[in-house]
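Okay, so here's the structure we're looking at.
Per chain, numbering begins at 1; letters A, B, ... match sequence-line order.
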2 protein chains.
Amino acid sequence: MTIDNQKRAAMTQQLRFLAQADDPFSRHFFEKAVFTTLNKGQYVCHEGSSCSHLAIMLNGTARVYKLGENGKEITLYRVDPGESCVLTASCILSEVPFPAIAVCETAVEAVVIPAGDVQKWLSESITWRNYIFGLVATRLTNIINVVEDVAFRRMDKRIAEHLYKRTDRTSHLLLATHQEIASELGTSREVVSRILKEFELEAIIRVTRGSIELLDPEKLDRRRCEI
Amino acid sequence: MTIDNQKRAAMTQQLRFLAQADDPFSRHFFEKAVFTTLNKGQYVCHEGSSCSHLAIMLNGTARVYKLGENGKEITLYRVDPGESCVLTASCILSEVPFPAIAVCETAVEAVVIPAGDVQKWLSESITWRNYIFGLVATRLTNIINVVEDVAFRRMDKRIAEHLYKRTDRTSHLLLATHQEIASELGTSREVVSRILKEFELEAIIRVTRGSIELLDPEKLDRRRCEI
DNA sequence: AACCCCTGTGTGACTTAGTCACAGACATCG
DNA sequence: CGATGTCTGTGACTAAGTCACACAGGGGTT
């Protein structure tokens, strides 16, 4: 899909590395970038697939997760607007197969860059280089934090953390099943159910089918931070 | 420390990306590279430190691990000869603080490159770019495998795997305390002791103070692979 | 309404893993 | 030899994960 002026303005807004309009890189970028939309639930990368394009998110979010042999899942990170799936990026650049699964959590708008140009621009543009390496470093840090979480923190703290981060600030609601939360954290549904019940008894939340209402954010915050 | 011809030959041997002698990059590399040695047990990067240099390993190994609040550790990956600490690399390039700890497991010989040149060569040399991105991709994959391990696999399988991988092939010995194995896998010493005892009862290994003798590699392999 | 069906949740019993406290066992060095 | 520090073993307990199954809520359908 070609990129009209309206989309172009929106993208310049969204992608900070395009801000320097004088940079010839921006011109190259718009020459090669292709606008795409994806539906909610659509898979972007499969485990072990090699990547021929780099997608940069404009709107929506994607979840990158690892699937265990027993069918359990754990979220590694999310790709939010302005970001990109660096796993893809580094797989492009080194031709290592992609070690996880990426799926759209919402409807998604993105621009897609062919692998060759991703490579080429690295040698031509410091802006692009900084963008890519910034992503790599933050992802590495993300994933290392996941390791730390899984290896060292207790389940109730991790669930508290998750509720704290992902509950809607205005409605105080989190729309998610216990199974979804379990898949987020790499545990099992029963464990989530039990701990949520605990929190409910402490009057921190109210649990209903498919949604959780946050009653006492402060108490949750305390629960989350204690060791 | 300057690099004499002998070292230079050894390095060309060790670092595959220097193999193309006609590449002007090799010349730049030897102009800027500084040879260093480090002692066993010496710390290379501290948590949260920013990195001003990239070290490339010539001889020896370093262990990169995460330290939990409760004092437990878990190994993220090792840096072996020819490799480099990409965490360092990506922290250099994006100025994100280093989120883990690196320590020399043996005496180490390495070459050190100033951050500025690491950057500069990325735009100049495709060889260098491929080297760096190859490292990034394999590390990401490494760490994701650690996540998978910790989140989904049972402790006895993980310990079996560890013994299998790190026991000396000729002596059939692994010189390590239970505490060291625990720190490797992010668990506690008692758990390791108990599972090793199990393996000993199954006549797979023989446990002595500070070392483990592998008696039945096949049985261990089976143990490791079952779900 | 009464029914069915699907998805989501609750629960008890059991296994595995992690924690805590403390007892021994071994090695080395004066 | 005893003293000391490191390494390992053990029991009792808590936390987390597994398994089997019961039950609840909320559409549709008849």
Next on the checklist: Under 4.0 Å, counting only non-hydrogen atoms across every strand here, what does Thr208(A) touch: a base, just sugar-phosphate, or nothing?
Outcome noted: sugar-phosphate
| request: Return yes if the base of dT10(D) and the side-chain atoms of Arg189(B) contain a donor-acceptor N/O pair under 3.5 Å, otherwise no. | output: no
(message) Side chains of Arg78(A) and Thr61(A) only: does a donor on one sit below 3.5 Å from an acceptor on the other?
(response) no
From CG of Leu201(A) across to P of dG10(C) the rounded distance in Å is 11 Å
ask   = Is the distance from OP1 or OP2 of dG8(C) to the nearest side-chain N or O of His178(A) less than 4.0 Å?
value = no
Any donor-acceptor pair under 3.5 Å joining the side chain of Gln179(B) to the base of dC7(D)?
no
Rounded to whole Å, the CE-C1' distance (Met155(B) to dA15(D)) equals 16 Å
When Val207(A) and Phe152(A) are each assigned the nearest nucleotide of DNA chain C, the 5'-most assignment goes to Val207(A)
Is there a donor and acceptor pair closer than 3.5 Å between the side chain of Arg209(B) and the base of dT6(D)? yes
So, does Ser188(B) get its side chain near the phosphate of dG18(C), meaning an N or O under 4.0 Å from OP1 or OP2? no
Query raised in the report: Is the distance from OP1 or OP2 of dT8(D) to the nearest side-chain N or O of Lys197(B) less than 4.0 Å?
Result: no
Whole-Å distance, Arg153(A) CZ to dA15(D) C1', equals 16 Å
| Thr208(A) and Ser211(A): side-chain donor and acceptor closer than 3.5 Å? | yes
Taking any heavy-atom pair under 4.0 Å as a contact, classify Arg194(A): base, sugar-phosphate, or nothing.
base
Separation of dG17(D) atom P from Leu185(A) atom CG, nearest Å, is 10 Å
Taken to the nearest whole Å, CG/Asn70(A) to P/dC19(D) is 9 Å
* **Tyr164(A) six-ring face occupied by Arg169(A) cation (under 6.0 Å, within 45°)** => yes
Rounded to whole Å, CZ of Arg158(A) lies from P of dG18(C) at a distance of 13 Å
Using only heavy-atom distances, determine whether the side chains of Glu184(A) and Thr75(A) contain a donor-acceptor pair under 3.5 Å. yes
Rounded to whole Å, the CD1-C1' distance (Ile195(A) to dT11(C)) equals 15 Å
Whole-Å distance, Asp156(A) CG to dA15(D) P, equals 8 Å
| query | So, is Lys72(A) near the phosphate of dG17(D), with a side-chain N or O under 4.0 Å from OP1 or OP2? | reply | no
Rounded to the nearest 0.5 Å, the OG1 atom of Thr36(B) sits from the CD1 atom of Ile56(B) at a distance of 10.5 Å
